[in-house]
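One structure is given here, and the rest of the page talks about it.
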There are 2 protein chains.
Amino acid sequence: MATTARRGAPLTLDEIHAAALRLVDEGGVDALSMRKLAAELDVNPMSLYHHVPGKEALIQQICVAMADRLELPPDDGTPWQEQLRALALAYHALARAYPALFAYAYAHQQPGTDHESGIWAVLHRVLRAAGVAGPDLGRTGDVLHAFVSGFVLAETKGLIAEPGPAFDTAIDLIVHGLAGRS
Amino acid sequence: MATTARRGAPLTLDEIHAAALRLVDEGGVDALSMRKLAAELDVNPMSLYHHVPGKEALIQQICVAMADRLELPPDDGTPWQEQLRALALAYHALARAYPALFAYAYAHQQPGTDHESGIWAVLHRVLRAAGVAGPDLGRTGDVLHAFVSGFVLAETKGLIAEPGPAFDTAIDLIVHGLAGRS
DNA sequence: ACCTGAACACCGTTCAAGT
DNA sequence: ACCTGAACACCGTTCAAGT
């Protein structure tokens, strides 16, 4: 018999990730413990360590799983203002889908790790379309990423009184700021 | 004798806060444990609970202690662009002084708690000077706070490649965005 | 190869007891 | 009033042992 003692099927990394995402979704990152996760999967806590190096690594893994779910807007022919708004909306949607994990990912982000996969390519493409070039490109990209991250983070925390109008205000401010720079 | 068993002087809330800030400063919020804090103060772990309701409350307390150290720029007669920059710089300085705690405070901020004391008054004053009024005032204030918070957070995390120029880019973008709105 | 139980070194916090 | 020791219910993780 190849079946394990307590479960019908062997433990899977995807299974672990799904359960971990569920726990984090329900009670925040603090609610994720290796022991509770194992209980959720009906498995001995130590079995997890055969699929994952440790708790911190597991959290990193579900962070990139979240980042992979970011639906980057395609390069349709629409003006850069609209594409910038679409990108911000995608980021916004991701944060709303995984509020707790998004906040954790932003707070624990490391300089090297590029958790957002292709987001930088899209952002730079849009900025180039807006006429940003040379050394300004990298700086403006960093700034806009920080701005939008800060906004969606604040929004998911309930710190924005009127999220809808405030989102428009935010995008308008960025668009006018980009258009009106010296 | 009024002296305690292990220490010359009785435990003080200020003493606890100072030690907690030191621990967080050295190893991040995760490095703060009631037991390590007690050891640092040469005291039984349980003694802390006579001065503080619990760990989470203690962290909240040192967060407001940090917020109190925010040096808000005075209302000199300088143009609003300059005052906005000064306010952002003050926020920036606070984040650099307490990087770990600042990130924690932003990630765990609650809607009700106004951790930043007078910052909103200053921000709204500057925005009014910039010609923002009516329902735009609250929205724009929320947006700018989130933007600046996001930027200084990213900066303390080392996510901004060129912090100096990027800060200028960020302020310029906001200033032009405010000036050029419809 | 995959899983497990016991064990180690930690946590935050309660409670009854000390002075 | 302030402090303490023992205890409870948790953690993450190592390690040797099972199949």
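Here the structure is a predicted model, which is why all the values come from computation and not from measurement. Computed from heavy atoms alone, side chains included, the values below leave out hydrogens, waters and symmetry copies. Quick note on labels: first sequence line is chain A, next is B, and so on, each numbered from 1.
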- Measure the distance from CG on A/Asn44 to C1' on D/dC15 and round it to the nearest whole Å. 13 Å

- Item | Rounded distance (Å) that lies between atom C1' of D/dT13 and atom NE2 of A/His51 | 17 Å

- ring pair (Phe, Tyr, Trp, His ring centres under 6.0 Å) with A/Tyr49: which residues, sequence neighbours excluded? none

- Task: List for me each residue that meets ring pair (Phe, Tyr, Trp, His ring centres under 6.0 Å) alongside A/His92, sequence neighbours excluded, and say none if there are none.
- Result: A/Phe167

- Message: For B/Leu37 versus B/Ala19, what's the shortest heavy-atom pair and its separation?
- Response: CD1-CB, 3.5 Å

- Note on the structure: Residues B/His51 and B/Leu13: closest non-hydrogen pair is O-CD1, 3.6 Å

- Report the nucleotide, chosen from D/dC3, C/dC3, D/dT4, that has the shortest atom-to-atom distance to any side-chain atom of A/Leu11. C/dC3

- Separation of B/Leu173 CG from B/Phe147 CZ (nearest 0.5 Å): 8.0 Å

- Message: Applying salt bridge (Lys or Arg N to Asp or Glu O under 4.0 Å) as the test, list every pair that has at least one member in residues 79-93 of chain A; sequence neighbours left out.
- Response: A/Arg85-A/Asp168

- Task: Can you run down the salt bridge (Lys or Arg N to Asp or Glu O under 4.0 Å) pairs that involve residues 95-104 of chain B, sequence neighbours left out, and say none if there aren't any?
- Result: B/Arg96-B/Glu155

Restricting both atoms to N or O, compile the protein contacts to nucleotides 10-12 of chain C shorter than 3.5 Å, with distance only.
from, atom 1, to, atom 2, distance (Å)
C/dG12, OP1, B/Met34, N, 2.9
C/dG12, OP1, B/Lys55, NZ, 3.3
C/dG12, OP2, B/Met34, N, 2.9
C/dG12, OP2, B/Arg35, N, 3.3
C/dG12, N7, B/Arg35, NH1, 2.4
C/dG12, O6, B/Arg35, NH1, 2.8

- Message: Is it the case that C/dC2 (base atoms only) and A/His50 (side chain only) share a donor and an acceptor within less than 3.5 Å, ignoring hydrogens and angles?
- Response: no

- Query: Quick one: do the A/Thr78 and A/Asp76 side chains pair a donor with an acceptor below 3.5 Å?
  - Reply: yes

- Item | Consecutive-pair stems (at least three Watson-Crick or G-U pairs, under 3.5 Å) that include DNA chain D | C:4-8 with D:12-16, C:12-16 with D:4-8

